[in-house]
Amino acid sequence: MAKAEKKKKKGIVHKLMFGNEDKPDVTPEQLNMGKWAMFKFIFFSRFGTMVLLNLLTLLFALPAIAVMLLFYLNSSVASSFIPYSSNIGIGYPVVIDAASLGAVSDFTYSLMEFLILVPCIAVFALGVAGNLYVIRKLIWNQTTSTFKDFFRGIKKCWLSSLLMGLAFGLSLLLVVFALGYFDAFAMPVAYKAITLTIAIILFVFMIIFTSFFMTQNVAFKMRPIALIRNSVLFTFGAFLQSVIFIGIALIPVYLSFIPGITMLLAMLYLFIGFSFSTVVISLFCHFCYEKFLYDKITDKPSAVYTKRENDIGEEPEKSKKKQPATYKNPKKRKKSIDEGASITPLTPTFRREDLERLQREHEQIMREGEDDYEATEQETAEQPEQADNSGE
């Protein structure tokens with residue numbers, strides 16, 4: 001008997017890109033795992049996929065990063081040319097009110113920066129859509145090709161993601177406007193407090209609304225009105241939980257407020273920052289969908305709520321017009337066990353689609369059993385009547 005060939009040792013780069021091939025596939029027990037267990041499975045067992053997703057998403061964040069870097073460099077250079085004030089008569093030309101002019105200049109500069117960032121955020125939203133699409137397939141235990149599915153998700157959801165990115169960027173612009181406008185032009189503090197409160201509430205609402213909107217958009221085929229309505233309902237119905245879990249998802253953002261770790265923060269976002277945020281948000285949003293939305297998807301498969309089909313595998317069944325029920329002769333002999341509907345056996349690596357098919361087959365068999373039972377009861381009721389007629 002020939003010796004089995006030794007497996008070629010894979011390098012660290014291969015494991016980061018494609019994962020550890022020696023690890024087993026998803027087991028049946030893992031299909032019903034909790035969200036925390038699912039997070040650990042996706043984030044650690046598929047770490048190479050998370051890194052690749054993060055790098056692909058980073059490509060769409062480059063315009064925003066370039067704009068922020070250019071404005072930061074320009075503001076640093078401009079701060080070195082601040083004119084002297086006229087208090088001690090030094091400097092030329094003499095500036096009477098340097099502080100107020102500086103405040104107006106800073107406000108104009110910040111407003112211009114975030115105005116340019118609005119379309120850049122819309123471009124970044126395209127990358128987030130592709131990221132969420134791949135993570136959705138991982139959560140549903142579907143076959144995944146990271147690179148192809150990333151751009152396939154952008155192709156499916158590009159328009160709605162682009163519009164949502166623009167709306168999110170405008171809400172951020174409103175917060176920046178409320179922070180600087182009233183100080184720059186010496187407006188009453190009460191106006192600033194009211195406007196800033198409204199802007200922050202709207203911005204928090206947009207963060208939660210965007211999370212539900214984009215995860216729903218990559219998971220289900222919905223009409224735009226239904227998509228917006230569901231996102232609003234989820235935002236208000238699960239507001240406190242959303243604040244907690246989205247706050248956890250944005251932990252990498254908090255590091256930017258700690259001075260002296262710019263390089264560490266850059267490395268974090270380069271390799272895993274975006275993927276960490278999208279995994280946490282996706283798992284929380286899918287928990288909400290399983291709790292409140294999946295029953296409606298089952299009841300209305302061809303109307304508003306329809307899951308996006310798996311692009312690698314079986315083709316989705318085409319919707320057919322509902323036909324009128326056919327007449328069934330109660331005197332017709334009952335079907336044998338072999339003539340009834342059969343159940344397709346599950347393979348060891350079954351997925352969500354196999355479980356859904358098994359449920360449909362089980363329901364069909366139950367309906368056939370009820371029809372046979374009704375036919376038997378009717379035949380039993382007719383036999384005494386025939387006996388009475390023959391006796392007469």
Please evaluate residues Ile281 and Phe245 with respect to the criterion side-chain contact (heavy atoms from CB on, under 4.5 Å), reporting the C-alpha separation (whole Å), side-chain torsions for both, the decisive distance (0.1 Å), and the verdict. CA-CA 7 Å; Ile281 291 174; Phe245 283 97; over 6 Å; no
Cluster question for you: counting only ILVMFWY and a side-chain heavy-atom cut-off of under 4.5 Å, with indirect links fine, are Val176 and Phe124 together? yes
Assess whether side-chain contact (heavy atoms from CB on, under 4.5 Å) is satisfied between Leu174 and Ile198, documenting all intermediate values. CA-CA 10 Å; Leu174 179 61; Ile198 295 173; 5.7 Å; no
Closer than 3.5 angstrom, by distance alone: can the side chain of Thr146 be matched with the main-chain N or O of Thr144 as a donor-acceptor pair? no
Could you measure the distance from the CG atom of Leu202 to the CZ atom of Phe205? Nearest 0.5 Å is fine. 7.5 Å
Of the non-hydrogen atoms in Ala125 and Met214, which two are nearest, and what is the gap between them? O-CE, 3.4 Å
Following the transitive rule for hydrophobic clusters with a side-chain heavy-atom cut-off under 4.5 Å over Ile, Leu, Val, Met, Phe, Trp and Tyr, establish whether Leu117 and Leu70 coincide in one cluster. no
Just wondering, do Leu59 and Leu55 contact through their side chains at under 4.5 Å, heavy atoms? no
Determine whether Phe284 and Ile248 make a side-chain contact, defined as any pair of heavy atoms from C-beta on separated by less than 4.5 Å. no
Please indicate whether Tyr191 has more than 12 foreign heavy atoms, meaning atoms of other residues, nucleotides or ligands, lying under 6.0 Å from its OH. no
Does Val128 offer a backbone N or O that forms a donor-acceptor pair with the side chain of Thr57 under 3.5 Å? no
Are the side chains of Trp36 and Lys40 in touch, meaning some heavy atoms are under 4.5 Å apart? yes
Take atom CZ of Phe43 as the centre, draw a 6.0 Å sphere, and report whether it contains more than 12 heavy atoms from other residues, nucleotides or ligands. yes
Check: Asn131 and Leu56 side chains under 4.5 Å, non-hydrogen atoms: no
Are more than 12 heavy atoms from other residues, nucleotides or ligands located less than 6.0 Å from atom CZ of Phe239? no
Distance col, row Leu227:CG vs Phe212:CZ, nearest 0.5 angstrom, shows 12.5 Å
Is the closest side-chain heavy-atom distance between Leu53 and Phe150 below 4.5 Å? yes
Which atom of Ser211 lies closest to which atom of Ile246, heavy atoms considered: OG-CD1, 3.6 Å
Taking the six-membered ring for Trp, are Phe168 and Phe209 closer than 6.0 Å centroid to centroid? no
Same hydrophobic cluster for Leu240 and Ile200, using side-chain heavy-atom links shorter than 4.5 Å among ILVMFWY? yes
Validation row: Phe292, Phe234 side chains within 4.5 angstrom (heavy atoms): yes
Taking every non-hydrogen atom, the tightest pair across Cys288 and Ala238: SG-CB, 4.4 Å
Measuring from atom NZ of Lys35 to atom CD1 of Ile139, what distance do you get when rounded to the nearest 0.5 angstrom? 6.5 Å
For Leu196 and Phe182: C-alpha separation, side-chain torsions, deciding distance, then whether side-chain contact (heavy atoms from CB on, under 4.5 Å) applies. CA-CA 10 Å; Leu196 187 59; Phe182 298 95; over 6 Å; no
Taking all non-hydrogen atoms of both residues, which atom of Ala178 and which atom of Thr195 are closest, and how far apart? CB-CG2, 3.9 Å
Going by the angle between their ring planes, with limits at 30° and 60°, are Tyr181 and Phe177 parallel, tilted or perpendicular? parallel
Asn54 side-chain N/O to Leu270 backbone N/O, donor-acceptor pair under 3.5 Å: yes
The reported gap from CZ in Phe47 to CZ in Phe271 (rounded to nearest 0.5 angstrom) is 9.0 Å
Does the ring center of Phe220 lie less than 6.0 Å from the ring center of Tyr289? yes
Can you find a heavy atom in the side chain of Ile42 that is under 4.5 Å from one in the side chain of Met50? yes
Between CG on residue Leu166 and CG on residue Leu173, distance to nearest 0.5 Å: 12.0 Å
Inter-residue atom distance Arg136.CZ - Gln216.CD, 0.5 Å rounding: 13.0 Å
Check whether the ring centres of Tyr269 and Phe274 lie less than 6.0 Å apart, and answer yes or no. yes
Flag side-chain contact, heavy atom, 4.5 Å: Leu58 against Ile65: yes
Would a hydrophobic clustering, with Ile, Leu, Val, Met, Phe, Trp and Tyr connected at side-chain separations under 4.5 Å, put Leu162 with Val118? yes
What are the two closest heavy atoms between Ala199 and Val175, and how far apart are they? O-CG2, 3.6 Å
Let me check something: do Leu115 and Leu111 share a hydrophobic cluster, defined by ILVMFWY side-chain heavy atoms less than 4.5 Å apart, either directly or through other members? yes
Residues Ser282, Leu132; criterion side-chain contact (heavy atoms from CB on, under 4.5 Å); working and verdict: CA-CA 7 Å; Ser282 293; Leu132 291 171; 3.1 Å; yes
Evaluate whether atom CD1 of Ile225 has more than 12 neighbouring non-hydrogen atoms of other residues, nucleotides or ligands under 6.0 angstrom away. no
For Ala129 and Ser161, which heavy atoms make the closest approach, and how far apart are they? CB-OG, 3.3 Å
